[in-house]
Protein chains: 2
Amino acid sequence: MKLANYVCGQWQQGAGGGEALLDPVTGEELARVSSENIDAGAMLEFARRHGGPALRALSYAQRADLLAKVAEVLAANRAEYFRISLLNSGATEADASFDVDGAIYTMKYYAKAGRALGDGAMLKEGAVVALSKTGAFLGQHFLMPRQGAAVFINAFNFPAWGFCEKAAPAWLSGVPVVVKPASATAWLTQRMVEDVVKAQILPEGALSILCGAARDLLQHVREEDVICFTGSAQTGMRIRSHPNVLARSVRVNIEADSINSTILGPDGAPGSDVFDLLVKEVVREMTLKTGQKCTAIRRILVPRAQLKAVGDAIAAKLASVKVGNPRNPEVKIGPVVNKAQQAACLKGIAQLKNECTVVFGGDDNFQPIDADAQRAAFVQPTLLACNDGLSAGAVHDVEVFGPAATLVAYDSTGDLIALARRGLGSLVGSIFSNDAPFVEQTVLGIGDLHGRVLVVDSSVGAQHTGHGNVVPSCLHGGPGRAGGGEEAAGLRALLFYHQRMVVQGPSARIADLAARCTDAALLYV
Amino acid sequence: MKLANYVCGQWQQGAGGGEALLDPVTGEELARVSSENIDAGAMLEFARRHGGPALRALSYAQRADLLAKVAEVLAANRAEYFRISLLNSGATEADASFDVDGAIYTMKYYAKAGRALGDGAMLKEGAVVALSKTGAFLGQHFLMPRQGAAVFINAFNFPAWGFCEKAAPAWLSGVPVVVKPASATAWLTQRMVEDVVKAQILPEGALSILCGAARDLLQHVREEDVICFTGSAQTGMRIRSHPNVLARSVRVNIEADSINSTILGPDGAPGSDVFDLLVKEVVREMTLKTGQKCTAIRRILVPRAQLKAVGDAIAAKLASVKVGNPRNPEVKIGPVVNKAQQAACLKGIAQLKNECTVVFGGDDNFQPIDADAQRAAFVQPTLLACNDGLSAGAVHDVEVFGPAATLVAYDSTGDLIALARRGLGSLVGSIFSNDAPFVEQTVLGIGDLHGRVLVVDSSVGAQHTGHGNVVPSCLHGGPGRAGGGEEAAGLRALLFYHQRMVVQGPSARIADLAARCTDAALLYV
């Protein structure tokens, strides 16, 4: 089975043999993808000429209705997406739900939030600016939908959610979508696109998919287009420094993996609420999607006195978590996505071992349940510990994109802040503490290097939304190593797909334009 | 005279002979600059460690007061800045005022606007997000001042304004400033920095200046820093693709020259208000600062029937404008900044001549008043005309950064929009018309590829703020060729120096943080 590309309103087969998509448990080939001989330039131009104008002929509320219909179609095909997730990603039921249900929830969220933007065709931002004494000449800032295409270059770990969380705000903004999923797990995205296309919800050109290698895709982007990338920092750099992207100042959003930390407050003694809540969250983050989340906890910063107790508690829980073939209902941790990722994880763990002790796991020859370790891509859940975090290197720089995390001892709040900042920009940090001054000092100390900080205390208990969960109402992205991007954040996500500009002109002309607008203040409600 | 660098709280001389700053009229050497052996890494670290924390210990309103004091110091030394502008930039009184008075006005504007941000230490953005049914766990977005330095790499044409319009929002945000002016006209910026430092208004480390080559400056920027560049697209690309900037996802704002257009509406017959207003504005844009403004009119898009009449009217006015040594009070147009810029202008005009006819000027051997054409860097004001704009290349791609512009005929509103968009992203476009539906269609057709659109009709007359004027209350920047940046736009300029992030946590902790905040909605007032 070779997955077709949807380009210029037609399903097109790429040429040649293409790349194989494998079952990470059995190593069996499931499908192939190829973008060979597909005309990426024509694909983008079709999206700009047909998809964009048709979407922008609708109001925000009308486009929100399209999102609701897309969500319905996806919900109707949920079982099939779970099946593909199991086959192609080795996903447990919980892992598949995190991706697929997350995708549907996000699409519904934007459908609902988008309706509030009403009948406007563009956004009016802020107050009128007086530019003449008589009031005859005024300024008004607007956010105008970009007349280009949105190119999504997505990561393998969220084939469903990664597509929907980007597509929803793009469509809502009136910008057509071109998605290029990561080849390894392209099947699920391709299937979702197929279902949406079949349902004939969106105008022609509003959705295209290119499966396989990106080839010359970036050679064809233009000034009006935007690129939204999720994946490794290395690929992110290649996109940002592509000569055509640079020459045209193409707007790029990058969300790269980061070395996120969770923090136990000085009050977090064993037996305390916050101690237990942190331990539970670390285990959840190491388990869910086999640790393959860009937001997952990589560093666990704890008071030096608690290093052993936290390590013991996490290790005890990990010891009872079954790792193996997700077809076995007892299994909670499946494989990583493929042998290459497995090798990268094992290499990363080896690097960490150079400056850490192993608290749990770390066995390269570990035996998964109901799977052949040679064919399958398993990594044993591994907890490490580092006594001298301020002198450590790999702990803060090497991301093991799998079920691994490192405990790091801290001695003072100042040291703690310095350690967290050694991540050099993270998507998320979390703080488990009932000590209000400590929480405030830490948030203020690390906040500017994080996209999101989660604080849990006894008053919140289990009601928090999770260290690694991206909720569509709150910002996802982060500075520095995390790529410098901004996604989600409710309707703020629409900012990326609009051009901020100002019109200076006669009051009557400003009024004409304002009459076509929704107030941009609604993006922050 | 070698201009000193202000680095790590000390005046430091660069080593070696350095680069010479010349009088563009006489070719005489005025001063030298050198950054050789200056430790750029130490400079940035000093700014981050001393300047940043001291600035952030103040509230927005307190920092606004600092801006007011800086503006006072600059105003007190205005005459000296005019003298340097004449010597080093060949500026007429009007040219010097545009830069120097613009700088002082902008600093005062931000001082006043910043006071409205009050006692907050950071900004709270938008409504609280409900994240649990009980209300115990909430989300709140914040804009936190970045704990890095702001690096300004500035253009030669605005040594005063370019420094102040960037420094004001940075300081107001609590971010220390490191300015590297263009070598050719670094004297004025250096003198302003000297005056501000002497006045001891700002905390140590809040202001540094590096004169001369940037050398390894970009090698030392970090995740927390921001870079704000104004200048050529080519240098902008070099900054964006610098390995250290890429690897750390350093936030970069680029404002590059663009091929801006002005548009005469279909109603703009000779004798009409809008015809006269457009002609006057084109001549002003070609005259002021000898056309060396990134916002200057480069293309004049007019109905085909008016091509000749508009050309004749502009040519008639240009014929009476005196070009030469700005020490002669009759002179309205001085030299360009140096022989290299002169050569670039003449080369650009030659390229335009390949597809245009010359309406006025264009003489390489033209004789300026009171100056030796061989030593001086003069370019004759030159008006060209292009009959087939849709097939033209250089007209839309070659920027002559001097007193030159090209008339382009259009046949329909559709063609006009296509022609304006051929600029591939502009800082500004202007429309002179009383035809309301035409104006609306054109604004909507070109708005997403422009940072600013200025509309002038009979009701506005001479009250408009000017095609090329950047007012601090309105956005400056533009997509594509213009670099994709955003500056000014009132307090929106502070966004660049803040990190948007979200805190998810107990209601009490969110309240603690919110109590330290000013509402970000004030950025748009």
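For clarity, every value in this text was computed on a predicted model and none was experimentally measured. Naming: A, B, ... by sequence-line order, numbering from 1 per chain.
- Of the listed residues (B/G139, B/A247, B/G484, B/A521), the one with the most heavy-atom contacts under 4.5 Å to chain A is B/A247.
- Between B/D225 and B/R48, at least one side-chain nitrogen of the basic residue sits less than 4.0 Å from a carboxylate oxygen of the acidic one, meeting the salt-bridge criterion.
- Comment: A/D448 engages A/R421 in a salt bridge, judged by a side-chain N to carboxylate O separation of less than 4.0 angstrom.
- Applying the side-chain contact (heavy atoms from CB on, under 4.5 Å) criterion to B/I239, with sequence neighbours excluded, gives B/I153, B/L218, B/I227, B/F229, B/T235, B/V252.
- The residue among B/L424, B/V525, B/I254 with the most heavy atom pairs within less than 4.5 Å of chain A is B/L424.
- The closest donor-acceptor contact from the side chain of B/D435 to the backbone of B/F438 lies under 3.5 Å.
- The candidate from B/G425, B/G447, B/S459 with the greatest count of non-hydrogen atom pairs under 4.5 Å with chain A is B/G447.
- Taking CD of A/Q147 as the reference point, atom CZ of A/R222 lies at 11.0 Å (rounded to 0.5 Å).
- Interface remark: A/T134 contributes backbone and side-chain atoms alike to the contact with chain B (heavy atom separation under 4.5 Å).
- Between A/R146 and A/E224, none of the side-chain N atoms (NZ, or NE/NH1/NH2) sits under 4.0 Å from a carboxylate O, so this pair counts as no salt bridge.
- For B/I510, no part sits under 4.5 Å from any heavy atom of chain A, backbone or side chain.
- Highest contact tally toward chain B, considering only A/G461, A/A436, A/S132, A/A127, is held by A/A436 [criterion: heavy-atom pairs under 4.5 Å].
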>> Walk me through whether A/K124 and A/L143 qualify under side-chain contact (heavy atoms from CB on, under 4.5 Å).
In response: CA-CA 6 Å; A/K124 178 171 70 95; A/L143 302 171; over 6 Å; no
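- Of the listed residues (B/E486, B/Q234, B/K133), the greatest number of heavy-atom pairs within a distance under 4.5 Å of chain A belongs to B/E486.
- The stretch residues 467-494 of chain A participates, sequence neighbours left out, in these ring pair (Phe, Tyr, Trp, His ring centres under 6.0 Å) pairs: A/W161-A/H476.
- Between chain A and the options B/Q140, B/R509, B/H450, B/M122, the largest number of non-hydrogen pairs under 4.5 Å is found for B/R509.
- Ranked by non-hydrogen atom pairs under 4.5 Å with chain A, the options B/G505, B/S249, B/G126 are led by B/S249.
- Using a cutoff of 4.0 Å between basic side-chain nitrogens and carboxylate oxygens, B/R516 and A/E440 are scored as salt-bridged.
- Residues from residues 489-500 of chain B that place a non-hydrogen atom less than 4.5 Å from a non-hydrogen atom of chain A comprise B/A489, B/R492, B/L495, B/Q499, B/R500, given in numerical order.
- The side-chain contact (heavy atoms from CB on, under 4.5 Å) test applied to B/L131 returns A/T465, A/V471, A/S473, A/C474, B/V129, B/F137, B/Q504, not counting sequence neighbours.
- For the set A/S241, A/P479, A/G485, the entry with the most heavy-atom pairs within less than 4.5 Å of chain B is A/P479.
- Taking a cutoff of 4.0 Å between a charged side-chain nitrogen and a carboxylate oxygen, A/D397 and A/R481 qualify as a salt bridge.
- Contact annotation for B/V443: both backbone and side-chain heavy atoms come within less than 4.5 Å of a heavy atom of chain A.
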